[in-house]
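Note that the numbering runs from 1 along the sequence shown for the chain. All heavy atoms count here, side chains included; hydrogens, waters and symmetry mates do not.
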Amino acid sequence: MAIITFDGATAEIFEFRSKTNAREYHVMIHAKRPLDTFQEQYMALRMAAMLVQKEHLNNAQPVMKRYFVSDATNQALFIKERGAVSIIQQPPLDGTKVALWMLLLSDIEITVGNNITEYDWDGFHHLWISNMHHQGEDSHEQALSIFHGYVDELKNHRCTLADNCIRTWLYINDVDNRYKGMVRARNEVFAQEGLTEHFIASTGIAGRQADPKIFVQMDAYAIRGIMPSQIHYLHASDHLNRTIEYGVSFERGTYVDHSDRRHIFISGTASINNQGQVMYEHDIRRQTDRMLENVQALLSEAGATYANVAPMIVYLRDPADYTVVRDIYEECFPDKPVVFLHAPVCRPGWLIEMECMAVL
């Protein structure tokens, strides 16, 4: 990992090179001055993103951006960017108001629209869509509309949910009370779309956008032209159980083989055993250890280790656990881009969850 310091921001950069020209970069940018206003912190991140792209990443193009903010209602209006750019209220736990995760690729041409980025690479068409949401009476109704809308959007791109969607992120405003409605909607749509033998890697976590009446928001990544033989599902059954056993439909992880690299998508993973039970309730240290062990088991099944991991996103229910968890990560992973966020997990007993991507 390269760490580059700018005025008001620090960028952590993971780079993957292969035999082809397409270099891949995962960048986590943190604001440095917690006492600055949101506008000042946001502009520091924007400037750092532009400088790192121009001076250090060979003008690689951003295909996805995600802003983690502390107060979406008052802050989202300042972020006016096109493409697959999402804004989610999950406050950074380092005391700042905003952090930014970017995925960039070199030597590609991208097409940018409102909340969508498209590009051709490795013989396939890649589609990132962000900020999908709908009005509705409750989380079930809103999630149904989101998934049906996404199915229609995929059809417009000659894709289907079952064959082409690789990864989703679902953010639930008040996850303790509204998660079940989203899950019910997802199960219904997946059954309609033929997703019964396998599902999609996913994170379902607390998060909200500017409008408090929006209870569910989704980001998603799909690939047109990908073959079933290139997509593999991770189980690590000695550590985790299948989610369908407790009524939830997502894969623990997915990897996709391209001509020159393997992309590994680890879903939101917590301290759970292969019976679906929460492990080490009320103990943040032991939950963190078990969670990291579970992720390691999933990576190993894909032929990878933590050395191949690019960004790590860590969610904590209790902000008071931040110092403990940060110290564990600094000791175990001193060279990984990481962001720590305040975002309760879908079960109250889980104090921590993480997701990551890896490139092999």
Can you confirm whether the side chains of [X] and [Y] place a donor and an acceptor under 3.5 Å from each other?
| X | Y | value |
| --- | --- | --- |
| Trp169 | Glu355 | yes |
| Tyr255 | His263 | no |
| Trp128 | Tyr119 | yes |
| His133 | Gln142 | no |
| Glu141 | His134 | no |
| Asn187 | Ser249 | yes |
| His239 | Asn274 | no |
| Gln287 | His282 | no |
| Thr203 | Ser267 | no |
| Ser70 | Gln75 | yes |
| Arg66 | Ser86 | yes |
| Asn273 | Gln277 | yes |
| Asn241 | Gln275 | no |

Decide, yes or no, whether a salt bridge links [X] with [Y] under the criterion of side-chain N to carboxylate O below 4.0 Å.
| X | Y | value |
| --- | --- | --- |
| Arg17 | Glu15 | yes |
| Asp176 | Arg317 | yes |
| Lys336 | Glu12 | no |

What do the steps show when you test Leu144 against Val189 for side chain to side chain contact (heavy atoms under 4.5 Å, CB included), and what is the final call? CA-CA 7 Å; Leu144 274 179; Val189 174; 3.7 Å; yes
Are the side chain of [X] and the backbone N or O of [Y] linked by a donor-acceptor pair below 3.5 Å?
| X | Y | result |
| --- | --- | --- |
| Gln41 | Lys97 | yes |
| Arg262 | Ala302 | yes |
| Thr254 | Tyr233 | no |
| Gln61 | Asn59 | yes |
| Asp122 | Phe124 | no |
| Thr5 | Thr10 | no |
| Arg82 | Val112 | yes |
| Asn294 | Ile272 | yes |
| Ser300 | Gln296 | no |
| Glu40 | Thr37 | yes |

Are there over 12 heavy-atom neighbours, none belonging to [X], within less than 6.0 Å of that residue's [atom1]?
| X | atom1 | result |
| --- | --- | --- |
| Asp7 | CG | no |
| Glu197 | CD | no |
| Lys32 | NZ | yes |
| Met1 | CE | yes |
| Glu55 | CD | yes |

Please examine the side chains of [Y] and [X], heavy atoms only from C-beta on, and report whether any two atoms are closer than 4.5 Å.
| X | Y | result |
| --- | --- | --- |
| Ile205 | Glu353 | yes |
| Ile116 | His157 | yes |
| Ile4 | His56 | yes |
| Leu100 | Lys65 | yes |
| Leu161 | Leu154 | yes |
| Val314 | Val338 | yes |
| Ile200 | Leu195 | yes |
| Leu299 | Val295 | yes |

How long is the gap from NE2 on His26 to CH2 on Trp101, to the nearest 0.5 Å?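 Between His26 NE2 and Trp101 CH2, I get 7.5 Å after rounding to 0.5 Å.
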Could you tell me which non-hydrogen atom of [X] sits nearest to which non-hydrogen atom of [Y], and how far apart they are?
| X | Y | value |
| --- | --- | --- |
| Ala304 | Ile264 | CB-CD1, 3.5 Å |
| Glu301 | Leu234 | OE2-CA, 3.2 Å |
| Gly8 | Ala44 | O-CB, 3.6 Å |

Going through the distances and angles, do Arg208 and Thr73 end up as a side chain to side chain donor-acceptor pair (under 3.5 Å)? CA-CA 9 Å; Arg208 57 159 288 181; Thr73 299; 2.7 Å; yes
Is the NZ or CZ atom of [X] both under 6.0 Å from the centre of the six-membered ring of [Y] and within 45° of that ring's axis?
| X | Y | result |
| --- | --- | --- |
| Arg178 | Phe215 | yes |
| Arg326 | Tyr329 | no |
| Arg347 | Tyr246 | yes |

Would you say the rings of Tyr315 and Phe340 are close, in the sense that their centroids are separated by under 6.0 Å?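 Ring-ring flag for Phe340/Tyr315: false, centres at least 6.0 Å apart.
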Quick check, are the ring centers of Tyr306 and Phe333 under 6.0 angstrom apart?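 Yes; Phe333 has its ring centre under 6.0 Å from that of Tyr306.
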Where do Asn131 and Gln217 land on the side chain to side chain donor-acceptor pair (under 3.5 Å) test, with the steps shown first? CA-CA 6 Å; Asn131 281 323; Gln217 175 179 315; 2.8 Å; yes
Side chain to side chain donor-acceptor pair (under 3.5 Å) between Gln90 and His342: does it pass, once the steps are laid out? CA-CA 5 Å; Gln90 291 178 328; His342 179 213; over 6 Å; no
Of Phe68, Tyr67, Phe78, the residue whose pairing with Tyr42 passes ring pair (Phe, Tyr, Trp, His ring centres under 6.0 Å):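 Going through the options one by one, the only one that passes is Tyr67.
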Evaluate Thr243 against Glu251 for side chain to side chain contact (heavy atoms under 4.5 Å, CB included), listing each step before the verdict. CA-CA 7 Å; Thr243 62; Glu251 294 292 346; over 6 Å; no
Apply side chain to side chain donor-acceptor pair (under 3.5 Å) to Ser130 and Asp219, showing your working. CA-CA 4 Å; Ser130 65; Asp219 298 347; 4.8 Å; no
Could you go through Leu316 and Ile284, starting from their C-alpha distance and side-chain angles, then the distance that decides it, and tell me whether this counts as side chain to side chain contact (heavy atoms under 4.5 Å, CB included)? CA-CA 10 Å; Leu316 292 175; Ile284 185 60; 4.2 Å; yes
Which is it for Val52 and Ile13 under the side chain to side chain contact (heavy atoms under 4.5 Å, CB included) test, yes or no, and what are the steps along the way? CA-CA 9 Å; Val52 77; Ile13 305 169; 3.2 Å; yes
